Amino acid sequence: MKAIGLDIGTTTICAIVIDTEEGKVLHAASVANDAVINSEKPYERIQSPNKILEKCMSIVENLVDRFAPISCIGITGQMHGLLYIDKDGDAVSPLYYWQDESGNQKYKDPESFAQYLSRITGYNMATGFGATTYFCHNENLIVPENAKSFCTIHDYVAMKLCENKMPIMHTSNAASYGLFDLNSLAFDREAIEKSGLDYNMFPIVTSETKCLGFYEESIPVSVAIGDNQASFLGSVNDVDSCILVNVGTGSQVSFSTELIQPHEGTELRPLIDDSYICVGSSLCGGRAFAMLEKFLRETANLVAHDNIKSAYPAIDKYLENSEMPEPPLDVSTRFSGSREQPEERGSIKNIGTNNFNPQALIWGILNGMVQELKSMYPFYGNTPHSVLIGSGNGLRKNKTLQNLFSKSFGMELKIPVHCEEAAFGAALFGMTASGIFESMKKAQSLIKYE
């Protein structure tokens with residue numbers, strides 16, 4: 001049997017077809033998510049939901065035709081984002097995705113929308129969270145008049161694949177919106193109404209590993225799950241012993257926990273059923289390394305008038321036969337701030353006469369990326385976890401970064417054989433939801449490492 005896993009990312013939409021018996025990826029396809037819309041408001045980050053839907057439908061249709069019969073479809077995507085829909089389940093707004101900065105705009109001086117919402121509800125609300133974005137729109141009277149509900153982009157695609165009219169949101173997505181009670185696994189009606197929002201706009205929530213309906217009346221489609229949880233489920237074969245570090249456009253450290261309260265700088269997120277993972281997120285993540293590459297290209301252009309296409313080959317060649325210089329640069333890669341302190345910015349310290357050079361900066365940026373995630377792992381030095389798993393193209397393609405993570409956490413780093421971890425996790429979730437596997441633990445036995 002074969003299953004499809006679909007991952008709707010911020011910059012790329014990818015899908016895989018996997019063998020449900022051996023876990024082998026039979027095919028992988030990806031297209032650029034070029035649905036960004038240039039907003040007149042510089043703080044908005046928006047995409048066209050119907051352009052994304054069209055791409056997803058085309059991918060799924062093609063894979064179903066080529067690899068029939070398909071046993072199930074699992075879906076994941078970028079969390080936090082907000083898309084308004086009408087009574088027929090059609091989009092009536094752009095997708096306000098996770099990098100939207102509406103919540104950082106001043107609301108009641110000196111507080112921003114996000115700060116005010118956090119104070120009056122008691123929840124830690126950041127810009128980009130769906131409920132924060134909704135609050136901004138509600139206060140500015142720009143919620144579409146015909147909006148009946150809202151959802152993430154992957155909820156929208158899953159709903160459309162099944163030809164449903166209203167979304168059902170998995171707790172992994174619902175929690176990413178904020179104003180969500182982790183104990184009851186439901187949106188907090190009291191907090192929502194206290195903030196002046198319409199509770200009835202919030203979608204139905206489920207914590208179950210279940211299907212929404214059928215594609216073309218025959219292929220089960222599971223409820224969509226958040227990409228962080230999907231990447232975790234698709235990377236670790238034992239949720240109790242593994243830590244996951246993921247480096248992509250952003251980066252995260254994720255691990256299962258029984259803590260009632262998350263560690264400072266982290267979030268407690270629902271996984272499946274009544275299980276949780278603790279997640280520390282870097283808003284810059286792999287983008288910090290991309291910023292470094294751009295800096296070096298622009299330096300070459302300024303000094304030598306050499307418009308090189310990419311600085312990555314030179315960086316890779318240098319790292320092959322070098323070690324971290326002494327004394328090292330102390331680089332904070334919080335160039336986009338943090339969830340708790342959005343105004344914070346990165347820094348470079350410990351600059352001396354012997355390390356003010358590109359080589360030291362390369363190592364400093366990489367080590368800064370590692371140390372930012374390590375600072376969010378509360379068990380360091382007395383860890384209940386024994387295995388470090390790495391995922392994401394930003395880590396998979398960078399051997400030096402892998403070694404730095406392994407050394408910093410004091411564990412061997414393992415990389416899954418399959419590349420598209422979130423899509424793989426979505427497929428495993430779909431297989432469990434449709435009954436191919438009796439549990440996620442059984443489905444995760446398909447995961448193999450390099």
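Computed from a predicted model, the values in this text were never measured in an experiment.
A tilted orientation is assigned to the rings of Phe187 and Tyr177, their planes being inclined by 30° to 60°. Ring planes of Phe135 and Tyr107: perpendicular class, angle over 60° (limits at 30 and 60°).
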Enumerate, atom names and distances included, each donor-acceptor pair closer than 3.5 Å involving a side-chain atom of residues 234-242, sequence neighbours excluded.
| from | atom 1 | to | atom 2 | distance (Å) |
| --- | --- | --- | --- | --- |
| Ser235 | OG | Ser231 | O | 2.6 |
| Asp238 | OD1 | Asp240 | N | 3.1 |
| Asp238 | OD2 | Ser241 | OG | 3.2 |

Name the atoms and distances for all side-chain donor-acceptor pairs under 3.5 Å in residues 54-68, with sequence neighbours left out.
| from | atom 1 | to | atom 2 | distance (Å) |
| --- | --- | --- | --- | --- |
| Lys55 | NZ | Asp34 | OD1 | 3.2 |

Side chains of residues 202-209: which donor-acceptor pairs under 3.5 Å do they make with residues two or more places apart or in other chains?
| from | atom 1 | to | atom 2 | distance (Å) |
| --- | --- | --- | --- | --- |
| Thr206 | OG1 | Glu208 | N | 3.1 |

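In plain terms, the two heavy atoms of Ser102 and Glu44 that are nearest each other are OG-CG, 4.1 Å.
Taking Tyr84 as the reference, His137 meet the side-chain hydrogen bond (donor to acceptor under 3.5 Å, both in side chains) condition, with sequence neighbours excluded. Listed by chain and residue number, nothing satisfies the salt bridge (Lys or Arg N to Asp or Glu O under 4.0 Å) test with Glu139 (two or more places apart in sequence, or in another chain). Contacts of Lys2 classified as salt bridge (Lys or Arg N to Asp or Glu O under 4.0 Å), with partners at least two apart in sequence or in another chain: none. Applying the side chain to side chain contact (heavy atoms under 4.5 Å, CB included) rule to Phe214 yields the partners Pro220; only residues at least two apart in sequence or on another chain are considered. Applying the salt bridge (Lys or Arg N to Asp or Glu O under 4.0 Å) criterion to Glu420, with sequence neighbours excluded, gives no partner residue.
Listed by first and then second residue, the salt bridge (Lys or Arg N to Asp or Glu O under 4.0 Å) pairs involving residues 431-450 are Arg396-Glu450 (not counting sequence neighbours). Residue pairs satisfying the ring-ring contact (aromatic ring centres under 6.0 Å, His included) criterion with at least one member in residues 428-450, sequence neighbours excluded, are listed as follows: His170-Phe429. Pairs of residues two or more places apart, or lying in two chains, never qualify as salt bridge (Lys or Arg N to Asp or Glu O under 4.0 Å) while including a residue from residues 147-156. Sorted by first then second residue, the salt bridge (Lys or Arg N to Asp or Glu O under 4.0 Å) pairs that include residues 12-28, not counting sequence neighbours, number zero.
Under the 3.5 Å distance criterion, the side-chain polar atoms of Thr133 are matched with a main-chain donor or acceptor of Phe129.
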